[in-house]
Amino acid sequence: MKCIVSLFALALLAHPVLAQAPAATTQLQTTLADSDNGRVVASPDDLPQLGKSPLADVIAAMTTREKALLLVGMGFRANIPGIPPMSPEDAKIPEKVPGAAGRTHAIARLGIPSITLSDGPAGVRIDPVRDDDTTRTYHATAFPVATLLASSWDTALVGNVGVTFGREAREYGVDILLAPGMNLHRNPLGGRNFEYYSEDPLLSGHMAAAFINGFESQGVGTAPKHFAANNQEFNRMKLNTVVSERTLRELYLKGFEIAVKEAEPWTVMSAYNLINGVHSSQSPELLTTILRDEWGFEGFVMTDWFGGTDPVEQVAAGNDVIMPGFPALTAALVAAAENGTLSQEQLDTSVERVLRIVMQSPTFRGVEYSEEPDLGTGAAVARRAAAESMVLLKNDDGTLPIASSHTIALFGNTSYDLIIGGSGSGDVNEAYSVSLDAGLKQAGFTIDSELEKRYTTYMVDAKAKRPPPPMPFFPPPPIAEMSVDAETIERAARNADVAIFTLGRRSGEFEDRARDEFELNDVERSLLNDVSEAFHAVGKKVVVVMNVGGVTEVASWRNAPDAILLAWQPGQEGGNAIADVLSGRVNPSGKLASTFPTAYTDVPSAENFPGKVLPGDHEPPPIALMGLPSEVIYEEGIYVGYRYHNTFDVK
Ligand code: GLC
């Protein structure tokens, strides 16, 4: 967590409010003193109390500073040079859920508690160990990623994942989950596509609604994100997305519209990027006219972490809560309220929205939580949901299912090191994960031991040698696919009954996928061809398992194997779930939720993704991740995915 904070820390130096902080803070401290001095604090017993007194009375009793505090998060607990420290008072308050992404301020004298916001779309992401308690761990279930769940086309299944997931969040004391992620797979190289459902807004909307209804049925809130059009990682915090009104409405807003109308989420998280020149988190059109006036959303809107540039514009636009927050933002809101640039009415409107959600929260309702979620049920639900959602792309001559008496020659790094999910805020600290070789063995298959030894030795050695990730939350660099000599392949073809080759592609927040990740690399391609030739020469079959975070090129190699199973990133029980399908224990019934283009050049946004840095001599950001002012033009309009291929008859 610390290193991730330093990334944002450097971003903050560019934050306009912070940049003015010294003067503003000094001036504000004077103001604050006056406004605080101006209040005669009634004796505690006749102060209105949230939930007991009319809400209007509670709001009327709040000082301007208290209102501002409610709208600005408590910040990050880390003394990192450059990031404004938490206020001394806040730094003294222990986290209810250590490692959760954010907290709102409490206003104790009025009975307003702090509520806890935690990532992420594939599982509760909190610290797995705690400084003050070395006797146990705090793991959560790593569920299948959204793209795999959407491939089920089964809202009941996704709703059930939501219920199970919601119970875990509640048992850890979380009030709001920062999920589901529901931007679109606009381009196969989008870094966070794994966290999003589909290229299609209708499917995305119904999947999200099912998840939200399931999750919130457990009395815990959600935050569908990132509203809106945050479909890439490249310079996301300073990226202007140029998109037509029709495209926005029919594609990039439509999923959120369905989710808001069908599931009434407690909150929505606005996006980092600008839309047609206006920051998503500062757009009255997006957050008030569309989200509230047209769709009837009644919860509160929060920023993405350190998103946007102007807290006053954010609150005025309808972005009620600024996360993770830092003291200068509170001061800026107080100053704006004092000098009238932010009306009391605007302030009170946001305060009321937040208080209504706080009153629904488990914390406010005093819901008991055990910190002992039922991870056994979580694992079982994750396994079943993963197996149900996988997509059988090819199965010639009944290659699958594989008889459990068969010996399997298992090729491919990720056969022994499954990619169960993506990195970044969508990661999970799960207690364990099941690799494919382990899953196959647990299903009763015999694995070719020589190959297993070769791969596991290679993987251990490669992991020991690879450089550490540039910072936690970043995926370590991928391990080069191990080459296998012809003699070993021949021997495997003689000894085993069937070959399985797993193709792995990682994915993660903060960066889009490299262009060359879309196709197989030379080692993968030659390995697949060599294995196919050797096994076909002796009348045996070859199965490819795709353990990928986004669509990849398939057309050039799909004729080599006899069967192809698309497993996406299946969560902690992934190895067992894939084995369930390969053994026939579970019938694969998933269907594609995103198009596999024949070639990257056929992708309608291939020309304009991920956009360009705007001309001008921009101050180089301290770290590339902070990004440069950029722009992407959605030239393809509504023609994304199958809408493009079907309309223009592109295979
Ligand atoms: C991140 C992500 C968002 C996440 C938040 C808190 O930057 O964009 O999805 O929920 O910050 O970690």
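First listed ligand is number 1; within each ligand, the first listed atom is number 1. Nothing here was measured: the structure is a model prediction, and the numbers come from that model.
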> Would you check if Glu95 and Arg103 make a side-chain contact, meaning some heavy-atom pair closer than 4.5 Å?
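Side-chain contact under 4.5 Å: yes.
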> For ligand 1, is there an atom lying under 4.0 Å from some heavy atom of Met323?
no
> Do any N or O atoms from the side chain of Asn276 and from the backbone of Val243 form a donor-acceptor pair under 3.5 angstrom?
yes
> What residues, two or more places apart in sequence or in another chain, satisfy salt bridge (Lys or Arg N to Asp or Glu O under 4.0 Å) together with Glu352?
Arg356
> For Glu509, take its heavy atoms, then give the atoms of ligand 1 lying under 4.0 Å from any of them.
1 (C), 2 (C), 7 (O), 8 (O)
> Check each atom of ligand 1 against the heavy atoms of Lys225 and keep those under 4.0 Å away; list them by number with element.
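Reading through ligand 1 atom by atom, the close ones are 3 (C), 4 (C), 9 (O), 10 (O).
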> Give the atoms of ligand 1, by number and element, whose distance to some non-hydrogen atom of Arg236 is under 4.0 Å.
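Those qualifying, in numeric order: 7 (O), 8 (O).
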> Once side chain to side chain contact (heavy atoms under 4.5 Å, CB included) is applied, do any residues pair with Thr303, and if so which ones, sequence neighbours excluded?
Ser270, Ser281, Gln314, Asn319, Ile322, Met323
> Taking the six-membered ring for Trp and the single ring otherwise, decide whether the centroids of Phe234 and Phe609 are under 6.0 Å apart.
no
> For ligand 1, which atoms have a heavy atom of Met269 less than 4.0 angstrom away?
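The atoms of ligand 1 under 4.0 Å from a heavy atom of Met269 are 10 (O).
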> Hey, what's the ring geometry for Phe165 with Phe215, parallel, tilted or perpendicular (30° and 60° as the breaks)?
perpendicular
> For Leu178, counting its heavy atoms only, list the atoms of ligand 1 lying under 4.0 Å from any of them.
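It comes down to these atoms of ligand 1: 10 (O).
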> Backbone, side chain, both or neither: what part of Glu195 comes under 4.0 angstrom of ligand 1, heavy atoms only?
neither
> Could you check if a side-chain atom of Ser594 sits within less than 4.5 angstrom of a side-chain atom of Thr147, using non-hydrogen atoms only?
no
> Can you tell me which portion of Glu233 lies within the under-4.0 Å heavy-atom range of ligand 1? Options are side chain, backbone, both, or neither.
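The answer is neither; Glu233 stays 4.0 Å or more away.
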> Does Tyr272 come within less than 4.0 Å of ligand 1, judged by its heavy atoms?
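Tyr272 counts as a contact of ligand 1 under the 4.0 Å cut-off.
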> Taking heavy atoms and a distance under 4.0 Å, where does His226 meet ligand 1: side chain, backbone, both or neither?
side chain
